[in-house]
Amino acid sequence: MNLIKRSFYARDTVQVAQELLGKTLVRNIDGIIISGIIAETEAYRYKDDAASHSFGGMTERNKAMFDQVGRAYVYFTYGMHYCVNAVARSPDYPAGAVLIRSLFPQHGIDFMSRQRKTRDISNLANGPAKLAQALDITKKEYGEDLTARSSSLYVSEGVKVKRSEIKAGPRVGIKKANDKLWNFKISL
DNA sequence: CTGTTGATCTGCT
DNA sequence: GCAGATCAACAGT
């Protein structure tokens, strides 16, 4: 399985969000491989996007969105949930990230079942906080390099997705900038 | 320092 | 359909 190069992430956040669909998110925990096909993403940008964490400028929490592209931005929310983003933006753009919202489980389904305490495949990683729990992703993975096989979290090639298979819609669970159709998903 | 809100999910009604 | 979990940012005292 080929890794995705850093140049892939050095393009417009919205375009990267679309093209991440069908790619494989891989977690390596002491040699145990847990992976899934990315089935849903959302783009979050900067000053043109009031719903983005980076809208109000850089903070201790969101600084990864301003850092090198191709790295992971993990944040904690609602007191108990982690969510995973891939940092991606055009070279001339200050900040941006793609929220990974759902996975279709591939490898390590036993591990995910243990993490999630369910054997229902369709309920293992069908939400941003569920997927983080299923892959045991926490603040420790903040800033991980998604383009290196030596990382504990990285992205590689997956299945081919046709543009016509991608469905765009409004992003989930936000109250600002609802006019932007930056939620993208595929059905397998 | 205090109160409110949020890119969420679960469990119960 | 709604409460509960209870962290980080931010605006206001």
Side-chain angles (χ1 to χ4, degrees), chain A residues 9 12-21 23 25 27 34 36-67 69-89 93-105 109 111-144 146 153 155 166-186:
Chain A
Y9 301 95
D12 179 71
T13 309
V14 175
Q15 190 180 351
V16 174
Q18 296 177 47
E19 295 188 18
L20 269 176
L21 294 172
K23 300 284 188 289
L25 182 68
R27 179 91 167 102
I34 305 115
I37 302 288
I38 297 172
E40 184 176 353
T41 62
E42 280 175 9
Y44 287 91
R45 294 213 302 204
Y46 186 47
K47 295 290 188 190
D48 58 342
D49 183 5
S52 173
H53 282 169
S54 60
F55 178 71
M58 184 162 62
T59 65
E60 190 59 29
R61 182 202 202 190
N62 68 23
K63 62 184 179 188
M65 292 182 76
F66 296 79
D67 210 328
V69 297
R71 289 183 176 271
Y73 166 42
V74 180
Y75 68 89
F76 192 71
T77 191
Y78 291 97
M80 46 184 6
H81 293 296
Y82 288 98
C83 297
V84 187
N85 300 249
V87 178
R89 74 186 104 92
Y93 213 73
V98 177
L99 173 68
I100 299 176
R101 285 194 58 86
S102 89
L103 294 180
F104 187 81
I109 291 174
F111 184 93
M112 294 194 206
S113 297
R114 246 175 291 133
Q115 286 290 310
R116 302 268 306 110
K117 304 192 194 310
T118 175
R119 297 210 69 76
D120 183 359
I121 302 275
S122 62
N123 194 31
L124 284 178
N126 61 330
K130 295 182 184 181
L131 139 191
Q133 189 187 359
L135 300 198
D136 191 28
I137 296 170
T138 67
K139 268 216 143 58
K140 290 194 301 293
E141 279 65 47
Y142 193 97
E144 274 288 291
L146 300 173
L153 186 67
V155 180
I166 299 176
K167 297 186 190 110
R171 289 173 293 177
V172 177
I174 56 170
K175 288 171 181 154
K176 300 166 194 160
N178 278 95
D179 54 319
K180 292 178 167 55
L181 300 182
W182 286 354
N183 173 287
F184 306 103
K185 56 184 159 185
I186 53 174

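Numbered from 1 within each chain, the chains take letters A, B, ... in sequence-line order. Treat the numbers as computed from the prediction; the structure is a model and nothing was measured.
The shortest distance between the side-chain N/O atoms of A:Lys130 and the OP1/OP2 oxygens of B:dT8 is not below 4.0 Å. In this model, the phosphate group of B:dT8 is approached by a side-chain N or O of A:Arg101 to a distance below 4.0 Å at OP1 or OP2.
Atom C1' of nucleotide B:dT8 and atom OH of A:Tyr82 are separated by 14 Å, given to the nearest angstrom. In this structure, A:Arg171 atom CZ and B:dT8 atom C1' are separated by 16 Å, rounded to whole Å. Look at OH on A:Tyr75: it is 13 Å from P on B:dG6, rounded to the nearest Å. Put simply, CG on A:Leu181 is 16 Å from C1' on B:dA7, counting in whole angstrom units. A straight line from CG of A:Asp120 to P of B:dG11 spans 13 Å, rounded to a whole angstrom. When the C1' atom of B:dA7 is taken as reference, atom CD of A:Glu42 falls 6 Å away, rounded to whole Å. As rounded to whole Å, 13 Å separates atom P of B:dG6 from atom OH of A:Tyr44. Separating the CG atom of A:Asn123 from the C1' atom of B:dC9 is a distance of 10 Å, rounded to the nearest angstrom.
Backbone-only contact: A:Ile174 has heavy atoms under 4.0 Å from sugar-phosphate atoms and none from a base.
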**Prompt:** Reading nucleotides 4-13 of chain C from the 5' end, what letters show protein touch, with B for base, S for backbone sugar-phosphate only, - for no heavy atom under 4.0 Å?
**Reply:** -BSBSSS---
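Residues A:Asp12 and A:Arg45 form a side-chain contact, since some pair of their non-hydrogen atoms from C-beta on lies under 4.5 Å apart.
Screening A:Arg101, A:Arg171, A:Lys180 against A:Glu42 for a salt bridge (Lys or Arg N to Asp or Glu O under 4.0 Å) leaves a single residue, A:Arg101.
Between A:Tyr44 and A:Phe55, the distance from one ring center to the other does not fall under 6.0 angstrom.
Listed for the A:Asn62 side chain is a donor-acceptor partner under 3.5 Å among the backbone atoms of A:Gly57. Of the possible polar contacts, none joining the A:Arg71 side chain to the A:Ala64 backbone as a donor-acceptor pair under 3.5 Å is found.
The minimum heavy-atom distance linking A:Leu153 with A:Ala72 is given by the pair CD2-CB, 4.4 Å. In terms of heavy-atom proximity, A:Ala97 sits nearest to A:Thr13 at O-CG2, 3.5 Å.
Across all strands shown, B:dC9 forms a Watson-Crick or G-U wobble pair with C:dG4, both key distances being under 3.5 Å.
Along DNA chain B, the nucleotide nearest to A:Ala129 and the one nearest to A:Lys175 differ in position, and the one closer to the 5' end is contacted by A:Lys175.
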